[in-house]
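Presented below is the structure to which this report refers.
For reference, positions follow the sequence shown, starting with 1.
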Amino acid sequence: MGATEVIVYLVDFAHTTLEPLPDRSPHRAVPHSEPVDSSLAGRTFVSGTCATAERSDGHWVWAPIVEGTDRTGVVALGFTEARDDAIEAAEEAGLLTGYLIATHARTTDFYSLYRRRRSLSLAASMQWDILPPLVLKTAGVVITGLIEPAYDVGGDFFDYALNGSVLDFAIVDAMGHGVTSALVSALIAGCYRHDRREGQSLDSMHQQLERVLAQYWPKLTFATGQLGQLDVDTGQLQWTNAGHPLPLLVRGGQVVGELECAPTLPWGIAAGAGRNDPPGVATVALEPGDGVLFYTDGVVEARVNGGEMFGIERLIDHVGRHASDQEEPEEVVRHIANSVLEYRAAELADDATLVMVRWNGPDRI
């Protein structure tokens, strides 16, 4: 491509820093980490578009690394002088890098290791291995999620799958923290994926999760969560609720309210109480551009020691602040997660998970 130097950066698990891969080209200086919120590399990662700059050592172009539709880093190309095709070359390099990483990541730990700013706990390592890509984008729909604390997550989990015009998704908060909670989440993930692939209905999948937890974790173990299904052709959203916080509807850049759904008991409790009633399935017709934010209670219950909780009102304020700037859903989620961490002085007593679904409308399909 005519570049004289190349640096590949991968975003760390907390999405705060871009970490350079080991130097494999004759750079004049050792590459260093770049902050996502205050660097040209970070600007490229956040915006998903190329950035350029003239420096003493030549003309540099930064392009996003995208694996499918999930942004995972930035590639920087150095040229001896400005070129008309530099941005096109960098974009091609970013796409190629994404494909190569996606291909090899299943057979090497190399890329995972260089996304770590510190060691992952055992529970967090287990959770990251079962999570889907953090972003899926199509013309008709976007879904994105993020979990904090990224390096010590225990019981939270989310999943999704887009099959034709149907987007299935789930968000789960298993009781407790650590390896036991991670094991419960892994069982729920396996059960949910099995039943989803078998074409089970939402209410059937909901009830099956109750039966599976009661069978394999008969002692006091439970999880809250929601199962959702979006018809991408029509915008009809259906979901069930197992004792979980209600999602927020975002329209026109503002939170217009909570979406009601009659809850069942959390999964793992009903069978012990001699019940496993069919859940209520709530339905809402989304308008083009509507977003729905699902979250775990670790978001609103984050608090400074001895202080008040982050709370639903503060969450609504942060959602409106960033959604009104017409930021992409993955950036809205990232900013909210950072705000929760800052409020809690970078420590969380419980996992905090955010999942946002945006329906773009039938004319975008």
Check whether any side-chain heavy atom of [X] lies under 4.5 Å from a side-chain heavy atom of [Y], and answer yes or no.
X    : Y    : value
N241 : L246 : yes
Q226 : T240 : no
V212 : L187 : yes
L134 : H15  : yes
V292 : R358 : no

>> Out of the candidates T72, V8, L10, only one should pair with T97 under the side chain to side chain contact (heavy atoms under 4.5 Å, CB included) rule; please name it.
In response: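 Passing option: V8.
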Keeping [X] on the side-chain end and [Y] on the backbone end, is there a donor-acceptor pair under 3.5 Å?
X    : Y    : answer
R71  : F45  : yes
Y9   : I65  : no
N360 : A139 : yes

>> With a sphere of 6.0 Å drawn around CZ of R43, does it hold more than 12 non-hydrogen atoms of other residues, nucleotides or ligands?
In response: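 At most 12 heavy atoms, drawn from other residues, nucleotides or ligands, come within 6.0 Å of this atom.
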Are side-chain N/O atoms of [X] and [Y] paired as donor and acceptor at under 3.5 Å?
X    : Y    : answer
D156 : T353 : yes
S201 : D203 : yes
H59  : T52  : no
T17  : D12  : no
D168 : Q229 : yes

> Is any NZ, NE, NH1 or NH2 atom of the basic residue among R116 and E19 found under 4.0 Å from an Asp or Glu carboxylate oxygen of the other?
Replying inline: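 E19 and R116: not salt-bridged.
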>> Please determine whether a side-chain nitrogen of the Lys or Arg among D159 and R196 lies less than 4.0 Å from a carboxylate oxygen of the Asp or Glu.
In response: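 Salt bridge flag = yes for R196 with D159.
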> Taking the six-membered ring of F13, is NZ or CZ of R117 closer than 6.0 Å to its centre and within 45° of its axis?
Replying inline: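 No; the conditions do not both hold, so R117 does not lie above the ring face of F13.
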> At their closest point, which heavy atom of L21 faces which heavy atom of Y114, and how far apart are they?
Replying inline: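 Smallest interatomic distance, heavy atoms only, reads CD2-CB, 3.7 Å.
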